[in-house]
Amino acid sequence: MKVFINKRIPETGITMLKEAGLEVTIPENDDLSREEWLQYCKNTDAILNVGANAFDHAFFEQCPNVKAIALFSVGFDHVDIKEANKRNIPIGNTPDVLSRATSDVAFLLMQSVSRRASFYFQKVKDGNWGNFDPLYELGQELYGKTLGIFGLGRIGFEMAEKCKKAFGMNIIYHNRNHNEEAEKELDAKYVSFDELIEQSDVLSIHANFKPEQSDLFNASVFKRMKKNAIFVNTARGGFHNQKDLYQALVSWQIWGAGLDVTNPEPIEENDPILQLSNVCVLPHIGSATIEARNGMVRLAAENIIAFSKGEKMPHIANPEVY
């Protein structure tokens, strides 16, 4: 079976695939255009995909030979699941192995924004240490404040646990369903979406993104948040309207924002939000640790290998395909 991998991945994954007797193709130059990527996809049986290439109706029409797709990610919002199901194509993903790493980044962003760390680091790099001013660009402490989680799954749980243990923060959350584990272990309280945005001192997004949630966090939402609130998004940039977020920040409707994902992504280098002292932006590094990436490649390879043996993918986004 032919397997196409569109970008370099940890060597352990490639070794697993080859030892399973699979024919692996990785382009020397992995900065592929859409057309180049499609050309590779047309000539393969299975794809191990890195990045946000769109597996939409047009893709499936142009690549009828593709029988399985293993994503090098947890999220699968770039895949038309209905179309994949219609064609009996299993879509693998990589849950759980990056929960700690991604929650670490959310925790990092929260603290960086609360103490304006990236702003002050830039001043040091610019040789502008400055004189002591007891009122200049002060941060805020997080002890005993309320953390609101939108989407309390494994990543959200890890974030909540860190905040509870480090700062004694109170945990509220909004989910489709109650998280009994979080309620028992972290004394987390289920609230409505309205209560979440109105009561949170820090609001952190950890939900799976769906198209109907585009710009969910917009001007009307930011206006109802606390003046001291810190908005953190490590899930998908599509959740927030970035222009509305900028306006909320410059007008002090909310206190600050930490983003590992942006809208659009990558962020435009002249985006005015990058000039604000109460903002920290990272280039989608939630899973960028050695441990997380090795875990991801293991799950992705396991999905491909299981498919090649006629078995169900063990880590799958569309189990209904079976």
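Along the sequence shown, the residues carry numbers beginning at 1.
Taking 4.5 Å as the limit, every side-chain heavy atom of Glu141 sits out of range of all side-chain heavy atoms of Ser114. Using a 4.5 Å heavy-atom cutoff, the side chains of Ile47 and Tyr40 are not in contact. Contact annotation: the side chain of Leu98 approaches that of Met296 to within less than 4.5 Å [non-hydrogen atoms, C-beta and beyond]. Contact annotation: the side chain of Glu23 never approaches that of Asp45 to less than 4.5 Å [non-hydrogen atoms, C-beta and beyond]. For the pair Ile197/His174, no side-chain contact is recorded, criterion being any heavy-atom separation below 4.5 Å from C-beta on. Within the 4.5 Å cutoff, side-chain heavy atoms of Tyr173 are placed close to those of Tyr190. Side-chain contact between Phe209 and Leu216 is absent, with no heavy-atom pair separated by less than 4.5 Å. Side-chain contact between Lys162 and Ser103 is present, with at least one heavy-atom pair separated by less than 4.5 Å.
In the hydrophobic clustering of this structure, Val66 groups with Phe60; members are Ile, Leu, Val, Met, Phe, Trp, Tyr whose side-chain heavy atoms approach within less than 4.5 Å, directly or through other members. Linking Ile, Leu, Val, Met, Phe, Trp and Tyr whenever their side-chain heavy atoms come within less than 4.5 Å puts Ile304 and Ile5 in one cluster. Under the 4.5 Å side-chain heavy-atom criterion for ILVMFWY residues, no single connected hydrophobic cluster contains both Ile26 and Ile69.
Here the shortest heavy-atom pairing between Met1 and Ala46 reads CE-CB, 3.8 Å. When every heavy atom of Ala248 is checked against every heavy atom of Ser251, the shortest pair comes out as O-OG, 3.6 Å. Considering every non-hydrogen atom in both Asn53 and His78, the closest pair reads O-CD2, 3.0 Å. Considering all non-hydrogen atoms of both residues, Leu71 and Thr94 come closest at O-CG2, 3.4 Å. Residue Ala207 comes nearest to Ala235 through the heavy atom pair O-CB, 3.6 Å, listed as atom of the first residue, atom of the second, then distance.
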* Go through Ile267 and Ile273 one step at a time and tell me if the side chain to side chain contact (heavy atoms under 4.5 Å, CB included) criterion holds. => CA-CA 10 Å; Ile267 194 171; Ile273 205 169; 3.8 Å; yes

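Under a 3.5 Å cut-off, the side chain of Lys226 and the backbone N or O of Asp201 do not form any donor-acceptor pair. A distance-only check finds no donor-acceptor pair linking the side chain of Arg236 to the backbone of Asn208 [under 3.5 Å]. Ser118 contributes a side-chain N or O that, together with a main-chain N or O of Val279, makes up a donor-acceptor pair within less than 3.5 Å. Here the side chain of Thr44 pairs a donor or acceptor atom with the backbone of Phe4 at under 3.5 angstrom. A donor-acceptor pair is defined here as one N or O able to donate and one able to accept, closer than 3.5 Å; such a pair exists between the side chain of Asn318 and the backbone of Ile91. Asp80 contributes no side-chain N or O that, together with a main-chain N or O of Asp56, makes up a donor-acceptor pair within less than 3.5 Å. The main-chain N or O of Ala219 is found under 3.5 Å from a side-chain atom of Asp244 such that the two form a donor-acceptor pair. Although no hydrogens or angles enter the test, the distance criterion places a donor-acceptor pair under 3.5 Å between the side chain of Asn218 and the main chain of Ser220. A donor-acceptor pair is defined here as one N or O able to donate and one able to accept, closer than 3.5 Å; no such pair exists between the side chain of Asn303 and the backbone of Gly92. Using a distance-only test at 3.5 Å, with no hydrogens or angles considered, a donor-acceptor pair links the side chain of Asn65 to the main chain of Lys42.
At most 12 non-hydrogen atoms from other residues, nucleotides or ligands lie less than 6.0 angstrom from NZ of Lys2. Under a cut-off of 6.0 angstrom, the local environment of NZ in Lys312 is sparse, with at most 12 non-hydrogen atoms contributed by other residues, nucleotides or ligands. A 6.0 Å sphere centred on CD of Glu311 holds more than 12 heavy atoms belonging to other residues, nucleotides or ligands. Other residues, nucleotides and ligands contribute over 12 non-hydrogen atoms within 6.0 Å of the CG atom of Leu138. For Tyr322, the OH atom sits in a packed shell: over 12 heavy atoms of surrounding residues, nucleotides or ligands are nearer than 6.0 Å. For Glu269, the CD atom sits in a loose shell: 12 or fewer heavy atoms of surrounding residues, nucleotides or ligands are nearer than 6.0 Å. Within a 6.0 Å sphere centred on CZ of Arg224, heavy atoms belonging to other residues, nucleotides or ligands number more than 12. A 6.0 Å sphere centred on CZ of Phe121 holds no more than 12 heavy atoms belonging to other residues, nucleotides or ligands.
A distance of 6.0 Å or more separates the ring centres of Phe222 and Tyr246.
Ring orientation note: the planes of Tyr120 and Tyr136 are nearly perpendicular, at an angle over 60° on the 30°/60° scale.
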